[in-house]
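Residues take their numbers from the sequence shown, with the count starting at 1. Quantities reported herein were computed from a predicted structural model and do not represent experimental measurements.
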Amino acid sequence: PATSSAVHLASKHKEDGNGLFKRGLWTDALEEYRDALLMLERDTVDGENPEVRALLLSCRLNVAATAVKQSRELRDEATVAKRLAEAADCCSKVLAADKTNAKALFRRGQVCAELAALLPESRAHAAGAWGSEGGERLRARAEEDLSAAQREAGGDQAVA
């Protein structure tokens with residue numbers, strides 16, 4: 001069936017992305033994770049399938065982590081804002097499915113803090129609400145998410 005084939009191919013893209021991530025090749029890793037997500041979102045019929053859901057969640061968290069890593073090496077603040085918005089969107093999608101996911105809360109908190117540090121004109125390049133929120137609101141959201149991540153992780157510092 002299409003679902004098992006898509007899951008197999010998406011898993012392969014994710015594994016390739018993991019290898020690239022470990023080598024610090026953020027652009028290539030992002031491409032692999034995005035390909036995995038595209039495949040899962042396009043070719044899977046059963047979004048309730050536990051294997052599909054777990055892979056979607058994992059790939060979205062990987063996109064978020066990779067986009068954050070890549071954003072720290074970019075010089076152009078507009079591109080940084082776009083990467084951070086992509087990371088925030090992935091975390092929000094994870095949280096829509098699992099509102100207590102500590103990794104998604106932690107990463108979105110990181111992203112909000114980093115977006116808040118950008119100049120407003122650079123932040124405007126971030127997609128959607130991430131680009132229109134003010135620095136103070138982003139800082140408050142960062143604090144909320146990071147606190148929630150700590151609670152969900154049981155105070156464990158190793159959320160990332």
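None of Lys103, Arg53, Lys14 except one satisfies the side chain to side chain donor-acceptor pair (under 3.5 Å) rule with Ser58; the exception is Lys14.
With rounding to the nearest 0.5 angstrom, the SG atom of Cys59 is 10.0 Å from the NE2 atom of His13. Of the inter-residue distances, the one linking Leu115 atom CG with Glu77 atom CD reads 10.5 Å to the nearest 0.5 angstrom. With rounding to the nearest 0.5 angstrom, the OG atom of Ser71 is 5.0 Å from the CD atom of Glu114. Rounded to the nearest 0.5 angstrom, Gln70 CD and Leu25 CG are separated by 11.0 Å. Leu105 CG to Leu95 CG: the interatomic distance, rounded to the nearest 0.5 Å, is 4.5 Å. Note: Lys93 NZ to Leu57 CG = 13.0 Å, rounded to the nearest 0.5 Å.
When all heavy atoms are compared, the tightest approach of Ala36 to Ala10 is CB-O, 3.5 Å. Pairing each heavy atom of Gly17 with each of Ala29, the nearest pair is O-CB, 3.6 Å. Of all non-hydrogen atoms in Leu55 and Ser11, the two that sit nearest each other are CD2-OG, 3.5 Å. Shown here for Val111 and Ala88, the closest heavy-atom pair between the two residues is CG1-CB, 3.7 Å.
The closest side-chain heavy-atom distance from Tyr33 to Thr66 is below 4.5 Å. Side-chain contact between Glu152 and Phe106: absent, with no pair of heavy atoms (C-beta onward) separated by less than 4.5 Å. Side-chain contact check for Asp35 versus Glu31: some heavy-atom pair is nearer than 4.5 Å. Within the 4.5 Å cutoff, the side chain of Val94 has no heavy atoms near those of the Cys90 side chain. Within the 4.5 Å cutoff, the side chain of Val68 has no heavy atoms near those of the Arg107 side chain. Residues Asp89 and Val63 are not in side-chain contact: their nearest non-hydrogen atoms beyond the backbone lie 4.5 Å or more apart.
A salt bridge between Arg108 and Glu144 is absent, with no side-chain N of the basic residue lying under 4.0 Å from a carboxylate O of the acidic one. A salt bridge does not link Lys12 to Glu32: none of the charged nitrogens lies less than 4.0 Å from a carboxylate oxygen. Salt bridge Arg60/Glu41: present, at least one basic N to carboxylate O contact under 4.0 Å.
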- Query: So Arg34 and Met39, side-chain contact (heavy atoms from CB on, under 4.5 Å) or not? Walk me through it.
  - Reply: CA-CA 8 Å; Arg34 287 177 186 143; Met39 198 161 292; over 6 Å; no
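Taken together through direct or relayed side-chain contacts under 4.5 Å among Ile, Leu, Val, Met, Phe, Trp and Tyr, Leu30 and Trp26 form part of one hydrophobic cluster. Taking hydrophobic clusters as Ile, Leu, Val, Met, Phe, Trp and Tyr residues chained together by side-chain heavy-atom distances below 4.5 Å, Val7 shares a cluster with Leu56.
Counting only N and O atoms by type, the side chains of Thr100 and Asp98 include a donor and acceptor under 3.5 Å apart.
Around CD of Glu73, the count of heavy atoms belonging to other residues, nucleotides or ligands within 6.0 Å exceeds 12.
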